[in-house]
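Everything on this sheet refers to the single structure shown next.
Quick note on labels: first sequence line is chain A, next is B, and so on, each numbered from 1. Keep in mind that this is a model prediction, so the values were computed, not measured. Worth knowing before you read on, the calculation uses all heavy atoms, side chains too, and leaves out hydrogens, waters and symmetry mates.
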Protein chains: 2
Amino acid sequence: MDKYSLILENIKRHIKLTQDEERNFISLLKPIAIKRKEWLLEAGEICKYSCFVTNGCLRGYTIDTNGFEHVLSFAPKNWWIADMYSLISQKPGTIYIQALESTEVQALSKTAQERLYIEIPAFERFFRIITENSLVSFQQRLLDNLSLPAEERYQNFCKRYHGLTDILPAKQVASYIGVTPEFLSKMKHKLLYNSR
Amino acid sequence: MDKYSLILENIKRHIKLTQDEERNFISLLKPIAIKRKEWLLEAGEICKYSCFVTNGCLRGYTIDTNGFEHVLSFAPKNWWIADMYSLISQKPGTIYIQALESTEVQALSKTAQERLYIEIPAFERFFRIITENSLVSFQQRLLDNLSLPAEERYQNFCKRYHGLTDILPAKQVASYIGVTPEFLSKMKHKLLYNSR
DNA sequence: TATATTTCTTAACATACATTAAGTATAATA
DNA sequence: TATTATACTTAATGTATGTTAAGAAATATA
């Protein structure tokens, strides 16, 4: 049962579960492996799972009408990810979820999640809390985009996602903070050059 | 009990309550009136309430280091508003919540809200659902800011907040979509001029 | 109603960031 | 290891949007 310790610890940060509840929960999970550059979900599909990353790293992104990608979120180990719009509405979504490296998730289907809310009400609390936290960080990110120049958004990203910056291709970071790879490159040069 | 019908209807869109539960819930509410241009909450304070607007309109905004305001959200009648970061963490927040016109809210204190989660677990579900919906719209707004030119963001705003555009000062709309009032003015002129 | 504030508009000028293009480095895969 | 694809950098040029300033319109307050 060691392979479930990461997800159980993640959940126990907010709620307590009995052994029975743990077993019940675990029985609902479905492991999915995604190879580097393959997709867990594509735009146009209906999102059927809340996914918890146990290994590797995913990125959620959209493609705009001009063919440009925009990164909505990264999901490294120990993070949850889904196309929330599609998951809630069960309509075709707009988000691609792709593996940046070979990745494993534990997938909780929408129907399983809803059963969980009824059988173990504490899960309602758990998902309320992680949704609240997610909301707060998206609000902050929006305000950063409205109020900060790209250079400060980059520095904030490096602080908040410390470690991730080393793993991610720079162009993904650029897309996340909302600049072109060329401009990010220029900023990095400037930051290096000016700091000595 | 008619003055509570708006908030009860709002809640019943997602959960069912018994008459006893309704009465229990209502007993926790505290009405607050805010005059035009006055604040329900200021940056630096700790947010103690989730507020439901029964009349009027509020705006939530930050002030950046250069003194510029950035609108995070509008809350007209029938909407909930809070400084989520501060409400969750109970640390000093960064959001000002100001009345755009004379406004009345029903305020649910954080302690009351937590009591509610325990006494009436359906409220856990209610706030999970409205938080999920809020998350989806902030994600979409962020992606719009990353991918759309200001003109399309303005048009989206007009569609999504139809009616609000007529009530709000243009400078507030400009701040919400992330442009200066001068530039919004130019866009409006262009849209008028080009559409005939 | 008159006066003072605030908001809106217009226009000239400034700038942060995008685009294009080409070369270089890095990493994936045979 | 060799080869190929992908990612990164640099630089010239372009553009969406910001800034400043001043007058006009709308709104609040005396």
Side-chain contact check for B:Val179: nearest option of C:dA18, D:dC8, D:dT17 is D:dT17
With no hydrogens and no angle check, just 3.5 Å: does a side-chain donor-acceptor pair link B:Ser50 and B:Gln113?
yes
Identify the heavy atoms of A:Cys57 and A:Thr103 that sit nearest to each other, and give their distance.
N-OG1, 3.0 Å
Round to the nearest Å and state the distance from A:Ile177 atom CD1 to C:dA18 atom P.
9 Å
What is the minimum heavy-atom distance between B:Arg36 and B:Leu100, and which atoms define it?
NH1-O, 3.3 Å
Interface with DNA chain D, restricted to residues 56-69 of chain A and to heavy atoms under 4.0 Å:
none
Think A:Arg13 forms a cation-pi with A:Phe126, using NZ or CZ under 6.0 Å from the six-ring centre and within 45 degrees of its axis?
no
Just so I know, are the side chains of B:Asn156 and B:Tyr161 near enough to count as touching, which here means a heavy-atom distance under 4.5 Å?
no
Which nucleotide in the list C:dC8, D:dG18, D:dT9 gets nearest to the side chain of B:Lys171?
C:dC8
Think B:His189 has a side-chain N or O under 4.0 angstrom from the OP1 or OP2 of C:dT10?
yes
Could you state the CG-P distance from B:Leu148 to D:dA16, rounded to the nearest angstrom?
15 Å
Rounded distance in Å - CZ (B:Phe183) to P (D:dA16):
8 Å
A:Glu152 atom CD is separated from C:dC17 atom C1', nearest whole Å, by 15 Å
Could you state the CE-C1' distance from B:Met187 to D:dA16, rounded to the nearest angstrom?
11 Å
Between C1' of C:dT24 and CD of A:Glu182, the distance in whole Å
14 Å
In this structure, is the centre-to-centre distance between the rings of B:Phe138 and A:Phe138 below 6.0 Å?
no
Do any side-chain nitrogens or oxygens of A:Thr180 fall under 4.0 Å of OP1 or OP2 in C:dC17?
no
Most 5' of A:Leu184 and B:Pro149 on DNA chain D, judged by nearest nucleotide
A:Leu184
Give a yes/no verdict on a cation-pi contact between A:Arg128 and B:Tyr117, requiring under 6.0 Å between NZ or CZ and the six-membered ring centre and an angle within 45° of the axis.
yes
Between P of D:dC8 and CG of A:Asp166, the distance in whole Å:
13 Å
Whole angstrom value for the distance that separates P of C:dT10 from CG of B:Leu192:
10 Å
To the side chain of A:Ala150, which of C:dA28, C:dC17, D:dA28 is closest?
C:dC17
